[in-house]
Amino acid sequence: MKRILVVDDEPNMILGLKDNLEFEGFAVATASDGKAGLAAITGSAFDLIILDVMMPEMSGFEVCKKARAAGVTTPVIFLTAKGEEIDKVLGLELGADDYITKPFSLRELLARIKAILRRVEDIPQHQEDEQDVQIGLLTVNFKFLTAYQKKKAFELSHKEFEILKYLWSHRNKTVSRDDLLNDIWGYDEAPTTRTVDNFIVKLRQKIEKEPDHPTVIITVHGVGYKMII
């Protein structure tokens with residue numbers, strides 16, 4: 001049974017989501033503020049986190065940032081009453097996997113939850129995935145979501161692992177920004193291509209010897225990116 005954590009300061013929202021998600025067969029834990037949510041995230045294992053943005057004690061953005069810094073790679077869906085693009089971009093760049101604006105339909109939320117869980121489960125588990133692969137300065141294992149630099153554990157977000165996995169699976173081939181948006185984020189209200197570019201910049205800082213002169217993830221101007229291995 002998949003475990004979902006719901007973090008929201010609205011009691012009616014928590015109750016409604018808990019009841020409906022349990023009806024769909026999920027095990028659901030809840031927290032009513034950001035501080036309690038972070039404690040739950042870092043103290044237990046979940047398959048997915050639903051995280052409100054505007055909360056007392058600590059915002060959802062800050063919770064996500066601290067969780068990612070602690071090495072938590074669990075997929076995150078942000079809930080917020082805000083709909084501005086800048087908020088969506090910020091949330092996704094902090095490591096969220098999806099973003100849904102209140103008010104929303106339960107059907108839409110369930111579809112997004114199932115899509116994320118399906119993408120995580122559908123990552124091919126070939127023998128190659130069980131082995132460490134060298135990508136620039138990082139040694140990466142996609143099955144266990146671990147990364148090392150000179151045998152020292154190195155932090156990558158869940159989304160960064162997904163992007164690296166996609167580029168690795170298509171190594172030595174050009175992939176467009178739209179390919180990355182559709183296949184990694186995979187929903188209608190996708191972030192802009194600028195978000196993709198920002199993720200690539202951050203990955204280069206972790207894998208390239210000279211991030212300003214990349215040789216592993218190169219830009220194919222006017223199209224997208226290519227991983228050279």
Side-chain angles (χ1 to χ4, degrees), residues 1-81 88 91-92 94-125 129-130 141-146 155-162 165 183-189:
M1 180 180 293
K2 299 294 184 181
R3 301 188 69 230
I4 295 179
L5 173 67
V6 177
V7 186
D8 198 300
D9 63 327
E10 298 179 29
N12 290 338
M13 178 67 71
I14 286 182
L15 181 61
L17 288 177
K18 188 174 189 298
D19 286 347
N20 283 284
L21 291 173
E22 287 179 341
F23 180 79
E24 292 291 325
F26 297 106
V28 182
T30 65
S32 58
D33 62 61
K35 186 175 181 180
L38 182 61
I41 291 168
T42 56
S44 301
F46 297 96
D47 296 288
L48 186 137
I49 299 162
I50 299 175
L51 184 59
D52 188 30
V53 171
M54 302 300 292
M55 292 186 294
E57 301 292 339
M58 189 183 301
S59 74
F61 287 155
E62 189 66 17
V63 172
C64 186
K65 182 178 179 180
K66 289 181 179 293
R68 294 305 190 218
V72 177
T73 60
T74 307
V76 171
I77 296 177
F78 272 133
L79 300 182
T80 183
K88 295 183 180 183
L92 293 164
L94 286 173
D97 295 78
D98 205 341
Y99 197 111
I100 188 166
T101 304
K102 299 177 182 177
F104 55 86
S105 71
L106 179 65
R107 183 177 179 182
E108 179 184 9
L109 178 61
L110 287 172
R112 295 190 181 200
I113 290 172
K114 292 176 181 178
I116 290 175
L117 293 176
R118 187 165 55 249
R119 288 204 302 273
V120 172
E121 291 175 348
D122 286 349
I123 295 175
Q125 298 297 324
D129 297 317
E130 300 179 5
N141 188 296
F142 292 114
K143 179 178 180 180
F144 298 106
L145 298 181
T146 57
E155 177 193 338
L156 290 178
S157 70
H158 180 80
K159 188 63 66 182
E160 287 173 324
F161 273 114
E162 283 194 295
K165 172 62 179 175
D183 294 337
I184 299 298
W185 279 268
Y187 54 88
D188 292 336
E189 294 184 16

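As a basis for the values below, the full set of heavy atoms in this structure was taken, side chains included, without hydrogen atoms, waters or symmetry mates. For clarity, every value in this text was computed on a predicted model and none was experimentally measured.
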Peer 1: Evaluate the side chain to side chain contact (heavy atoms under 4.5 Å, CB included) criterion for residues Ile113 and Ile50: first the C-alpha distance (whole Å), next the side-chain angles of each, then the deciding distance (0.1 Å), finally the verdict.
Peer 2: CA-CA 9 Å; Ile113 290 172; Ile50 299 175; 3.8 Å; yes
Peer 1: Distance from Ile41 atom CD1 to Leu51 atom CG, nearest 0.5 Å?
Peer 2: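 Interatomic distance, Ile41 CD1 to Leu51 CG, rounded to 0.5 Å: 5.5 Å.
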Peer 1: Taking all heavy atoms of Phe46 and all of Ala40, pick out the closest pair and write down the distance.
Peer 2: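 Looking at all heavy atoms of both residues, the closest pair is CE1-O, 3.4 Å.
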Peer 1: For residues 24-32, please give each side-chain donor-acceptor pair under 3.5 Å, one per line with the distance, not counting sequence neighbours.
Peer 2:
| from | atom 1 | to | atom 2 | distance (Å) |
| --- | --- | --- | --- | --- |
| Glu24 | OE1 | Lys114 | NZ | 3.4 |

Peer 1: What distance do Ile100 atom CD1 and Thr80 atom OG1 have between them, rounded to the nearest 0.5 Å?
Peer 2: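 Between Ile100 CD1 and Thr80 OG1, I get 11.5 Å after rounding to 0.5 Å.
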Peer 1: Who passes side-chain contact (heavy atoms from CB on, under 4.5 Å) against Asp33, sequence neighbours left out?
Peer 2: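 Partners of Asp33 by the side-chain contact (heavy atoms from CB on, under 4.5 Å) criterion, ordered by chain and then number, come out as Lys35, Ala36, Pro56, Glu57.
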Peer 1: Quick check for you: to the nearest 0.5 Å, what is the distance between Glu22 atom CD and Leu17 atom CG?
Peer 2: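 Rounded to the nearest 0.5 Å, the CD-CG separation comes to 11.0 Å.
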Peer 1: List the steps and the verdict of side chain to side chain contact (heavy atoms under 4.5 Å, CB included) for Arg68 and Val76.
Peer 2: CA-CA 10 Å; Arg68 294 305 190 218; Val76 171; 3.7 Å; yes
Peer 1: Indicate yes or no: at least one non-hydrogen side-chain atom of Lys159 is less than 4.5 angstrom from one of Asp97.
Peer 2: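 Lys159 reaches Asp97 side chain to side chain.
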Peer 1: Quick one: are Asp47 and Ile4 in side-chain contact, heavy atoms under 4.5 Å?
Peer 2: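 Result no, sub-4.5 Å side-chain heavy-atom pair not found.
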Peer 1: Tell me whether Glu62 is salt-bridged to Lys65, with the criterion being a basic N under 4.0 Å from an acidic carboxylate O.
Peer 2: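 No salt bridge links Glu62 with Lys65.
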Peer 1: Which distance, rounded to the nearest 0.5 Å, do you find between the CZ of Arg112 and the CG of Asp98?
Peer 2: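 It comes to 4.5 Å.
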Peer 1: About how many Å separate CZ of Phe61 and CE of Met54, when rounded to the nearest 0.5 Å?
Peer 2: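 Reported to 0.5 Å precision, the distance equals 9.0 Å.
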Peer 1: Let me see the working for Leu79 and Phe104 under side chain to side chain contact (heavy atoms under 4.5 Å, CB included), right down to the final yes or no.
Peer 2: CA-CA 9 Å; Leu79 300 182; Phe104 55 86; 3.8 Å; yes
Peer 1: Might you point out which heavy atoms bring Met55 and Asp9 nearest each other, and give the distance in Å?
Peer 2: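 Between these two residues, the closest heavy atoms are CG-OD1, 4.1 Å.
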Peer 1: Can you confirm whether Val7 sits close enough to Val63 that some side-chain heavy atom of one is under 4.5 Å from a side-chain heavy atom of the other?
Peer 2: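 No, every pair of side-chain atoms sits at 4.5 Å or beyond.
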Peer 1: Start with the C-alpha distance between Leu21 and Leu110, add both sets of side-chain angles, then the distance that settles side chain to side chain contact (heavy atoms under 4.5 Å, CB included), and finish with yes or no.
Peer 2: CA-CA 8 Å; Leu21 291 173; Leu110 287 172; 3.7 Å; yes
Peer 1: Taking the side chain as every heavy atom from C-beta outward, state whether Lys102 and Glu10 have any pair of such atoms under 4.5 Å apart.
Peer 2: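 With C-beta onward as the side chain, the pair touches.
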Peer 1: If you round to the nearest 0.5 Å, how far is CD1 of Ile77 from CG of Asp52?
Peer 2: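 Interatomic distance, Asp52 CG to Ile77 CD1, rounded to 0.5 Å: 13.0 Å.
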